[in-house]
Amino acid sequence: GLHQHAVSGFMGTWNFGCSLTLNTYAVGHFLRDPVRNVDADVFLHSLARAYFGLEEPAGVVAAWQGFSEAFQQYPFHIRMLYFSPVNDAPAHPLSLRYHDQPLGGSWMPHEMGDRIEDCLGPFALPEAVEALAALTEGWNEALGPYRAGLTRLPPGAASAQRRHAADELRCAEMLGRQWHSTWNLFRFHARRREIMARDGLSGPCVLPASPELVAIMRDEIENAERVLQWTREDPRLGYHQEARMHMYDPATIQAKIHEMNAELEGSS
């Protein structure tokens, strides 16, 4: 429609998402031939060839489609968007000490609250846990072909295309771990609420070191340890352009790991 009406330009972002990435390149690539590119399969294959230098981009295109299908599981609601711990999840510690503190606004500097109900909107907590589990699983399934495609560029790929491949793969890998951290936060809180109901506890309180809670905490420590190198290599990761700050970075992730390990050692 924009092409048909000779629109000369548009504002395609707001106060974040403003860096030059695959997304911004894709818009320009589409507009070079919008009539031909209206066919999604044609457009995506052409985009992968141009941006990454791929000769056979079918695996990367399949991964993009897999990411899209996985993201359909995201339990979207305005409160989830603006108050959930998704943005800072890799730096958000899990603790047996439940403070019953509200979640801060995810678009601004905030304290890391632990009352997950604040962001659920119309979703029941078990529904959100299930949805985030499906999102995490689907995303990680799509990472397989993405990883294979972007680590086997043809010899003729330009240096910029090789940099694009490294950056985009690192970003996709980080997102998989970020979804995993978010799922851990939600399933930890769901189990916490079950234990509180069983034991007649109300917040704030300290929970017993049950095997289920400890297992989730150890899983999250391992998850956080795996992302440290990526955040050291790529300062884009964790940066929020509206808040003008890192929602997570190597220092805050390392602090989380230390805090959680110390708590587990003290509770054993």
Practice task
List the steps and the verdict of side-chain contact (heavy atoms from CB on, under 4.5 Å) for Asp88 and His110.
Solution key: CA-CA 10 Å; Asp88 58 35; His110 61 275; 2.6 Å; yes

Evaluate Asn140 against His180 for side chain to side chain donor-acceptor pair (under 3.5 Å), listing each step before the verdict.
CA-CA 9 Å; Asn140 287 328; His180 193 103; 5.0 Å; no

Open item on the list: Could you walk me through whether Glu233 and Arg170 satisfy the salt bridge (charged side-chain N to carboxylate O under 4.0 Å, His left out) test, starting with their C-alpha distance in whole Å, then the side-chain angles of each, then the deciding distance to 0.1 Å, before giving a yes or no?
Closed with: CA-CA 9 Å; Glu233 293 172 353; Arg170 191 188 304 109; 3.3 Å; yes

Next item on the list: Evaluate the side-chain contact (heavy atoms from CB on, under 4.5 Å) criterion for residues Leu44 and Ser46: first the C-alpha distance (whole Å), next the side-chain angles of each, then the deciding distance (0.1 Å), finally the verdict.
Entry: CA-CA 5 Å; Leu44 292 174; Ser46 174; over 6 Å; no

Original post:
So Leu264 and Ile221, side-chain contact (heavy atoms from CB on, under 4.5 Å) or not? Walk me through it.
Top reply: CA-CA 11 Å; Leu264 288 174; Ile221 290 171; 3.7 Å; yes

**Q.** From CA spacing to verdict: side-chain contact (heavy atoms from CB on, under 4.5 Å), His92, Glu220
**A.** CA-CA 10 Å; His92 199 125; Glu220 181 54 25; over 6 Å; no

Could you check Gln178 against Tyr248 for side chain to side chain donor-acceptor pair (under 3.5 Å), going step by step and ending with a plain yes or no? CA-CA 10 Å; Gln178 191 156 340; Tyr248 59 82; 2.7 Å; yes

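Ring geometry for Tyr98 against His189 counts as tilted: the plane angle lies between 30° and 60°, on a 0 to 90° scale. Between Phe71 and Trp179, the ring planes lie tilted relative to each other; the angle falls in the 30° to 60° range. Between Phe76 and Tyr74, the two ring planes are tilted [angle within 30° to 60°].
The shortest distance between side-chain heavy atoms of Cys119 and Phe186 falls below 4.5 Å. Side-chain contact check for Glu173 versus Tyr146: every heavy-atom pair is 4.5 Å or farther apart. Between Leu96 and Ser267 the shortest side-chain heavy-atom distance falls below 4.5 Å. Asp114 has its side chain out of reach of Pro85: every pair of non-hydrogen atoms, C-beta onward, lies at least 4.5 Å apart. Residues Pro75 and Glu127 fail the side-chain proximity criterion, which asks for heavy atoms closer than 4.5 Å. Asn184 is listed as a side-chain neighbour of Arg187, based on a closest heavy-atom distance under 4.5 Å. Looking at Leu132 and Gln73, their side chains never come closer than 4.5 Å, going by heavy atoms from C-beta outward. Val61 is not listed as a side-chain neighbour of Leu47, based on a closest heavy-atom distance of 4.5 Å or more.
At least one donor-acceptor pair closer than 3.5 Å links the side chain of Asp249 to the backbone N or O of Ala251. Under the 3.5 Å distance criterion, the side-chain polar atoms of Ser19 are left unmatched by any main-chain donor or acceptor of Thr21. In terms of modelled atom types and a separation under 3.5 Å, the side chain of Ser84 and the main chain of Leu81 share no donor-acceptor contact. Side chain of Ser68 to backbone of Trp64: no donor-acceptor contact under 3.5 angstrom is found. Without hydrogens or angle criteria, Gln161 side chain to Ala50 main chain gives a donor-acceptor distance under 3.5 Å. Of the possible donor and acceptor atoms, one in the side chain of His45 sits under 3.5 Å from a partner among the backbone N and O of Asp41. The closest donor-acceptor contact from the side chain of His240 to the backbone of Pro109 lies at 3.5 Å or more, if one exists at all.
When the shell of 6.0 Å around CD of Glu194 is examined, it contains more than 12 heavy atoms from other residues, nucleotides or ligands. Open room surrounds CZ on Arg226; 12 or fewer heavy atoms of other groups in view lie less than 6.0 Å from it. Around the OH atom of Tyr82, the shell of radius 6.0 Å holds no more than 12 heavy atoms that belong to other residues, nucleotides or ligands. Shown here is Glu117, whose CD atom has more than 12 heavy atoms of other residues, nucleotides or ligands within 6.0 Å. The number of heavy atoms from other shown groups lying within 6.0 Å of CZ (Arg244) does not exceed 12. Within a 6.0 Å sphere centred on CZ of Arg152, other residues, nucleotides and ligands contribute 12 heavy atoms or fewer.
The hydrophobic cluster containing Leu125 also contains Leu207, counting ILVMFWY residues as joined when their side-chain heavy atoms lie under 4.5 angstrom apart, directly or transitively. Follow the hydrophobic side-chain contacts under 4.5 Å out from Tyr51 and you reach Val27 in the same cluster. With hydrophobic clusters built from ILVMFWY side chains whose heavy atoms lie under 4.5 angstrom apart, Val206 does not share a cluster with Met260. Under the 4.5 Å side-chain heavy-atom criterion for Ile, Leu, Val, Met, Phe, Trp and Tyr, Phe123 and Leu185 are members of distinct hydrophobic clusters. Hydrophobic clustering (side-chain heavy atoms under 4.5 Å, transitive across Ile, Leu, Val, Met, Phe, Trp, Tyr) groups Val86 together with Leu175.
Residue Pro90 comes nearest to Ile253 through the heavy atom pair O-CG1, 3.7 Å, listed as atom of the first residue, atom of the second, then distance. Residue Ala172 comes nearest to Trp139 through the heavy atom pair O-NE1, 3.0 Å, listed as atom of the first residue, atom of the second, then distance. Of all the heavy atoms in Met247 and Ser106, the pair that sits closest is CE-O, 3.3 Å. Closest heavy-atom contact between Asp100 and Gly203: OD2-O, 3.9 Å. Pairing each heavy atom of Lys256 with each of Ala89, the nearest pair is NZ-O, 3.2 Å. In this structure, His29 and Asn37 approach most closely via the heavy-atom pair O-ND2, 3.2 Å.
Here the two rings, on Phe83 and Trp107, have centers that are under 6.0 Å apart. In this structure, His164 has its ring center at least 6.0 angstrom away from the ring center of Phe52.
Within the model, atoms CD1 of Ile216 and OG of Ser210 stand 8.0 Å from one another, a figure rounded to the nearest 0.5 Å. For the atom pair CZ of Arg162 and CG of Leu153, the computed distance is 5.5 Å after rounding to the nearest 0.5 Å. To the nearest 0.5 Å, the span separating CD1 on Ile116 from CE on Met80 amounts to 8.5 Å. The line from CG of Asp118 to CG of Leu103 is 5.0 Å long, rounded to the nearest 0.5 Å. With rounding to the nearest 0.5 Å, the separation of CZ in Arg232 from CD in Gln229 is 6.0 Å.
Taking the ring centre of Tyr239 as origin, the terminal cationic atom of Arg236 falls outside the region bounded by 6.0 Å and 45° from the ring axis.
A donor and an acceptor atom, one from each side chain of Asn223 and Ser181, are located under 3.5 Å apart.
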